[in-house]
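Before I ask anything, let me first share the structure, which is written out below as C-alpha cells.
Atom set for the values below is all heavy atoms of this structure, side chains included, hydrogens, waters and symmetry mates excluded. Order of the sequence lines sets the chain letters (A, B, ...), proteins ahead of strands, with each chain counted from 1.
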Protein chains: 2
Amino acid sequence: MDEMRGLLASEVAQRRLDRLASHFCEANLAKEEKVSREVCAKPFQRSVNPTILANLMAGGYPADRQKIFDFFISRPDLETPVEIAKAEHRELAFKQLKALVNEASIHPMKLLMEDPARYFTITEAIGFIDVSLGVKLGVQFSLWGGSVVNLGTQKHRDKYLEGISNLKFPGCFAMTELHHGSNVQGIQTTATFDRMTDEFVINTPNDGATKWWIGNAAVHGKFASVFARLKLPCPDSHLDTDMGVHAFIVPIRSMEDHSVLPGIEIRDCGYKVGLNGVDNGALRFRNVRIPRDNLLNRFGDVSRDGGYTSKLPTINKRFAATLGELVGGRVGLAYGSVGVLKAASTVAIRYSLLRQQFGPPNKEEVSILDYQSQQQKLMPMLSSAYAFHFATEYLVARYAEMKKTHDDEIIADVHALSAGLKAYITSYTAKALNTCRESCGGHGYAAVNRFGTLRNDHDIFQTFEGDNTVLLQQVAGDLLKQYKRKFTGGALSVTWTYLRDSMSNLSQTNPVATHREGYTHLRDPRFQLDAFQYRTARLLHTAALRLRKHSKRFGSFGAWNRCLNHLLTLAESHIESVILAKFNEAIERCEDRQTRKVLNMVRDLYALDRIWKDIGTYRNQDYVSPNKAKAIHRLVEYLSYELKGAAGSLVDGFGIPDALLRAPIGLQSGQYSEYSHYVGFE
Amino acid sequence: MDEMRGLLASEVAQRRLDRLASHFCEANLAKEEKVSREVCAKPFQRSVNPTILANLMAGGYPADRQKIFDFFISRPDLETPVEIAKAEHRELAFKQLKALVNEASIHPMKLLMEDPARYFTITEAIGFIDVSLGVKLGVQFSLWGGSVVNLGTQKHRDKYLEGISNLKFPGCFAMTELHHGSNVQGIQTTATFDRMTDEFVINTPNDGATKWWIGNAAVHGKFASVFARLKLPCPDSHLDTDMGVHAFIVPIRSMEDHSVLPGIEIRDCGYKVGLNGVDNGALRFRNVRIPRDNLLNRFGDVSRDGGYTSKLPTINKRFAATLGELVGGRVGLAYGSVGVLKAASTVAIRYSLLRQQFGPPNKEEVSILDYQSQQQKLMPMLSSAYAFHFATEYLVARYAEMKKTHDDEIIADVHALSAGLKAYITSYTAKALNTCRESCGGHGYAAVNRFGTLRNDHDIFQTFEGDNTVLLQQVAGDLLKQYKRKFTGGALSVTWTYLRDSMSNLSQTNPVATHREGYTHLRDPRFQLDAFQYRTARLLHTAALRLRKHSKRFGSFGAWNRCLNHLLTLAESHIESVILAKFNEAIERCEDRQTRKVLNMVRDLYALDRIWKDIGTYRNQDYVSPNKAKAIHRLVEYLSYELKGAAGSLVDGFGIPDALLRAPIGLQSGQYSEYSHYVGFE
C-alpha cells in the first residue's frame, strides 16, 4: 500500500511527465511535422502560478463561493450519497436548500434581485454539491420567485417575497404542458375572468393541457405561477376573448396541513433519468378560483369590470415581454453547465495523468494521457472549459448590466447571447461528459467517480429553459435581423459588429493567406478569429439568399425548414466566434506574462480544433489550402500534446475542493490507490 | 381524452404525413437542390411490406426470440421496475436468469457450445428485457462457462459444465485488476506451484493486483476462473520462473452455506453508472490453495513434478491463444449493442412522428420529424441500425464457422472483425443514445421512456471485453500486417482483399469521377464503396509510411503513439467499409423488389452521410470536387427527408413488442396521450 502511494504521489508522477515531455518534445521536432524550432526551443510550458490562475478563475465573488464550500464540507450529513432513492433524494435536496438559507445564511432571492452576478456565482458553487440542489434552488428563486418579481407588481412582492426567500412558500413555475413545451404560445390552460365574483377560473381543458414536469409540484410546492390563456368575457358575444398567455399565482396546497387544495389535481411525474432530487409533478385544474389580484399584472391587467389594460400594444409584444423576463434561467444554465464541465474534466484529466497502462517494451508503463488518442479526447475539452468560463462570465456581466439599465440594445444582446451560449455550451458539455466516462474506462463507470450522476443530471440542461434546437433558431433569427439592418443602414448591436467587416470580405479569398501555414500565423489570434468570423459571415449571407429564394415559393415556415440545418450551423458558428472573441479579451486583461502564455496556448487549441472540425467547409471555400489544412491538424495534435504538461495545473485552477469533488480517481491529493479503500479493503 | 386518442391514432398521423410528404417532395423538386426528376417522380417511398421486412430482420432463429418474448410478456412479476435499488436489482436479475433457464427452458450454455448463432439471438432478445440480465447471462455462460469450456479440458467439463448450465455453480471471470484492465499481460496476481502438496497457491501481491469489477463476485458467485501469472519453482535457483498468464478455477464461496471461503476477501464494487443488476465485486487472495487439476490446462499444463508442457512454444503465443478463445464476448457485445440501438431509435422515431410542435401560421402544428434538424438527428441513425444489423449477422455467422472449422484464416478474420465491429458499433450506439434522449426533449427524460437506463447500461459496452481504443488499434495492427503481406506477395484474408485493388488506384484521382455529381452516380453502390475503400487504402498507405519513418528514430512504441489518431481513423474507416460491403450483400440477397428499393435508400443514406461527415479528407485529396461535396450534402438531407416516410415501418421491422419496449412514448400502438395515464390521471 505504502509502495503504491509512493509510486503514485504527484511528485513522482511529475518527474515521469518531465521525462516523457522531453521525449515527445524532441519527437515533435521531427521534420515531417514542420514544428518550427522557435516553438519547441522554448522550455516546455507548464509552469503556471497556481495562485494567479486561481484568482483569475475564481470570479468576482470568491468569498461567497468559499463560504458555500466551507459550509457543505463542514456538514457531511448533508452530502448526497452515491446511491439514493428518489423519495429520500427529494427530501435531502429540500433539507440542503433550507440549510443553505437558514444555517449558512445565503439569501439567493435577495442576491438575484440585487446582484445577479453574485447569485450566479452561488448557483455554480451549489452545482458542485449536487446538481439537483442547484435546480431545486433555481426552481424556487429564479423561476417561481423570478416570475413573481418580474411579472408581478409591488402588491405581489409585498405578499409573497418574504415567504419565497425564507422557503415558507415553496413554489412552482407551471408553464410547460404535456403537449406544449417549446411552443409556449400554444398552451391550452385557461384563466377565465368571472365578473360576478371578481375571480379568475383556472381550467385544464384536456389531457394535453396538463401542466407537466413542474418542479416542486409533486411534494413541496404550496403555490404555482400558472401560465394560462387569459379569457375575458366579450360584451357582444357569448364567446370569451382570448388575450393570450398570462401568469397567475395559484395556491396548490394548504398552508396549514399541506393538503392539496380543492380543484387541484397533482400527480408525480415519477423517476427521471437524473435530477431525482427535484420533485417534478403534473398539475390539472378543475375550475380553480383565484382572486383577480393573483394575475401577475406587470405587462397586462384586468380591471374590476373586466376591462384589459397594458402598456404593450399586442398579444405578441406582451408574450415576448413575459418570456423575456425569464432569460435569467438560461444565463444560470449556461453558467452552471460550465461548472459541470469543469468538474468532469478535472476528474478525467487527473485520472489520466496518474493511470498507467502499457508502455515501451521492458520499460515502465506510461500514463494514459501520454497517448495521443487520450490527449485528443481531453485537451480540446479542457480548452473549451476555459473558453466557456470567460464567455459566461461576460454573459453574466451583461445580464447584470441589463437588469440595471433596462437598455433595449443590451436586452436584445443578452437574449440572443444567453440563448446561444446556453444551447452551445450545454450541448458540448453533454457530449463531453460521455467522453469523460469513456476515457476513464472501467473506473469511470463506478458511480462514486461522479460521471454518471453529472451526465444524468446535466442531460436535461439541453432541453429545459428552451430546447437547444429552438434556441439556436432564435439566434439565427436574430442574425438575419442584423443582416437586414446592415443593408438598411441601421446600427448593429455590439456583439455583431464584426459581421459588417467580415461580410465585406466574403468575395475575395486571399491566395497568400490561404497558403500561409507557419505556426506563428496559425497561432495568431487574428487569423483564428478571422476564420471563425468569415465562416459565420458566409453562412449568414448564403442563408439569407436561400431563405429569400425559398420564401416566395414555400412561405416563410417552409423556407425556414428547408434551411434549418444551415441555420443551426450558422447560429453555432456565431456563438463560437463570440466565445473566441471573449477568450481573447480575457487573455488581454490578464497581467501575468506566464499565465498569459499558457492561456494563449489553451486558446490556440480551442480555436484550431474548431477550425479543424469543420475543415471541409474551409476547404470547400478554398479559405485554406490542402497543406494549410494539414498544418492545422498537426498543430492541434501538437498543442494537445504540449498542453498535457500544464493540464494538472489548469484543472487545479478550477478550484473545486476534493471534499466536494469526491471522486476517488480525481482528487488533487492524487491518491489513486485510495480507490481500493473505497470498497472496504483495509 | 377520446378526442386526443383519435387525433393521434396512427391512421390520422399517416394522413398528415402524406400531406406533408407531398408538400416537401414538391419542395425538393426546386431547381436549387438539383434533385433530378427521375428521383422525385417516383411515388413517395414508404410502402414496405411489414411481413417481408419482419422476416428479413428476424434473424435465423425467430422462434427462440419469440419464445423469450412470450415468456417475459406472460410474467409481469419478472419485469424490472422503472426505479429499483441496487440490492433488489441484483436479486431480480438472478431470478430472471433462473426463470429463463428453469421455467422457459432456454439453455444458453448448450446453445453457446452447439450453435453460437442461436446463442447470440437469445442474448439480443434478452437485452430487450433488461440489459443487466443480458450481462449477467454473459458473465455466467460466455465468460465463466466459456473459460471452463475453452481454456479447460474434458476433466473440467465433466466436473463443472452441468452446474454452470443449471446455475447451481454461479461463477466469475476474474481477469481485470485494479491497476491492469486493458493490459492483461501486466496483471500481477500469482499462482505458484507447490510441489510438496501438489497445489497452486493463489496470491494478491499488492493493492493494484486486486481483481476488480468481477461480475457475480459481490453476491452470487461460488467459483471464479482467476487469471494469474503461473510461477514454477526453478530447480537451479531460489526464484520462481514466471510462465505468464494462465487461468485457474478457484472456489470462492461454500457450496453449503454460501460463506466466503478462507483466504478469499470479497468487497462490493458498489453502485455503478448502470447495470446495477450485475453484482460486481473486488477479490483478493491470501495464499489460497487449489488442487493442480484446477489449472485450465488446454494451452499449457503442469505435471506432478512441476514440469511445464504446452503445444505452443512461447508465452506470447499461449497468451494469444488464451485471450483468443474469449472473442465470443465481443461478438455478443457488438450484436447486443445493435439491439440497444434498435430499441432506442424505435422509441425516438415513433415519438417524433407523433409529437407535434409549432407549424405554419394559422395551420395545424407539424410533427417534429417534419423538421430537417430532427431528420438529420434520427434518419442516419436508423440507417446505421440497419447497416449494423447486417454486419453483425455476418459476424455471428463467421464466428459460428470459426467454431466449426478452427480454420486459421477464419480465426484471424473473426478476431479483427469482432474487435472492430464491437468498438465501432458500441461507440456509435453510445452517442446515438444521447441523441435519442435529447431529440425527445422533456419526455425523453422520463425514466419510463427507457433512454436513461439504456444509455447507462450500454455505456460500459465501450470499455469491457476490450476498451474500444485498444481494440481499434488491434484492427489497425492487423491491417498493417496485411499491408506487409501484400508487398511480400502473400494472400490477403477475405475481408481485406479490396485493399489490393484500392491501393493500386491511390495515385490517380479520376478528374471525371471527381466532378460527377448526378444522383444516379452518387446513389450507385459502386461509387459509395469505392469512396470508403479509397479512404481506407489511403489511410493505410500513409500510416505505413509514417510508421516506418518514425520507427527508426523513436522505436516502435513511440512511432505508434505519434500516429495513434491516424491509426484509429484507419481502423474505423476499414470497419465502415466492411459494414457497407455487408449491407450491399444483404440487399442483393433480398428477393422482394419493393423492400430492396427501400433498403437501397437506407444504404444510400448510411454511405453518403459517412462520406459527408469526413468530407474534409475527401476534399483534401481532391477525391470529390467542391460541387460534388455540396451535392452529397444535399442528397443526405434529401434522403433523410424522404426516408421519414418509411421510418415508422422500418422501426416496426425491428420487431420489438410493445410489452417489452414499455416506453409510453414509443409504442407501436401509438397512443402517445396514454402517457398522462402513466402518472395516474384517470
For this session: Please look at Asn434(B) and chain A and tell me whether the side chain, the backbone, both or neither of the residue comes under 4.5 angstrom of a heavy atom of that chain.
Result: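 Side chain only.
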Exercise. What distance do Arg355(B) atom CZ and His179(A) atom NE2 have between them, rounded to the nearest 0.5 Å?
Worked result: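 Here the rounded value is 7.0 Å.
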Problem set entry | Donor-acceptor pair, side chain of Glu83(B) and main chain of Lys86(A), under 3.5 angstrom |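 It does hold such a pair.
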Exercise. Is there a donor-acceptor pair closer than 3.5 Å between any side-chain N or O of Tyr445(A) and the backbone N or O of Asn456(B)?
Worked result: yes
Exercise. Looking at Gly359(B), Ser427(B), Pro361(B), which has the largest count of heavy-atom pairs under 4.5 Å with chain A?
Worked result: Gly359(B)
Problem set entry | Among Asn565(A), Thr463(A), Asn620(A), Asn468(A), residue most engaged with chain B (heavy-atom pairs, under 4.5 Å) |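 Between Asn565(A), Thr463(A), Asn620(A), Asn468(A), the count favours Asn565(A).
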For this session: Look at Gly274(A), Gly452(A), Gly616(A), Pro360(A) and state which one has the largest set of heavy-atom pairs under 4.5 Å with chain B.
Result: Pro360(A)
Exercise. If we only count heavy atoms from C-beta on, is the Thr469(B) to Lys377(A) side-chain gap below 4.5 Å?
Worked result: yes
For this session: Supply the atom-to-atom distance Lys272(A) NZ to Asn449(B) CG, rounded to the nearest 0.5 angstrom.
Result: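 Taking NZ in Lys272(A) and CG in Asn449(B), the distance rounds to 13.5 Å.
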Exercise. Is a donor on one side and an acceptor on the other found under 3.5 Å between the side chain of His443(B) and the backbone of Leu178(A)?
Worked result: yes
For this session: Among the options Ala430(B), Ser556(B), Gly441(B), Ala447(B), pick out the one with the most heavy-atom pairs lying under 4.5 Å from chain A.
Result: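 Heavy-atom pair counts peak at Ala447(B).
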For this session: Please determine, by modelled atom types, if His180(B) and Glu365(A) share a side-chain donor-acceptor pair under 3.5 angstrom.
Result: yes
Problem set entry | Residues forming a side chain to side chain contact (heavy atoms under 4.5 Å, CB included) with Ser182(A), sequence neighbours excluded | Asp467(A), Val470(A), Gln357(B), Phe358(B)
Exercise. With respect to chain B, which residue among Leu567(A), Asn280(A), Asn276(A), Leu275(A) yields the maximal number of heavy-atom pairs within a distance under 4.5 Å?
Worked result: Leu275(A)
Problem set entry | Toward chain A, the part of Lys613(B) with a non-hydrogen atom under 4.5 Å |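 Contact with chain A involves no heavy atom of Lys613(B) at all.
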For this session: Rounded to the nearest 0.5 Å, what's the gap from CG on Asp622(B) to CZ on Arg619(A)? Could you check?
Result: 6.5 Å
Problem set entry | Exam field: side chain Asn561(A) to backbone Gln372(B), donor-acceptor pair closer than 3.5 Å |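 Yes; at least one donor-acceptor contact below 3.5 Å.
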Problem set entry | Ser373(B), part contacting chain A, at a heavy-atom distance under 4.5 Å |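 Both parts, backbone and side chain.
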Problem set entry | From Arg437(A) atom CZ to Ile460(B) atom CD1, the distance as rounded to the nearest 0.5 Å | 4.0 Å
Exercise. Parallel, tilted or perpendicular: which fits the ring planes of Phe557(A) and Tyr371(B), with parallel below 30° and perpendicular above 60°?
Worked result: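 Because their plane-to-plane angle is over 60°, the rings of Phe557(A) and Tyr371(B) count as perpendicular.
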Problem set entry | Gap between atom CG of Asp459(A) and atom CZ of Arg455(B) - 0.5 Å precision |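 With rounding to 0.5 Å, CZ (Arg455(B)) is 4.0 Å from CG (Asp459(A)).
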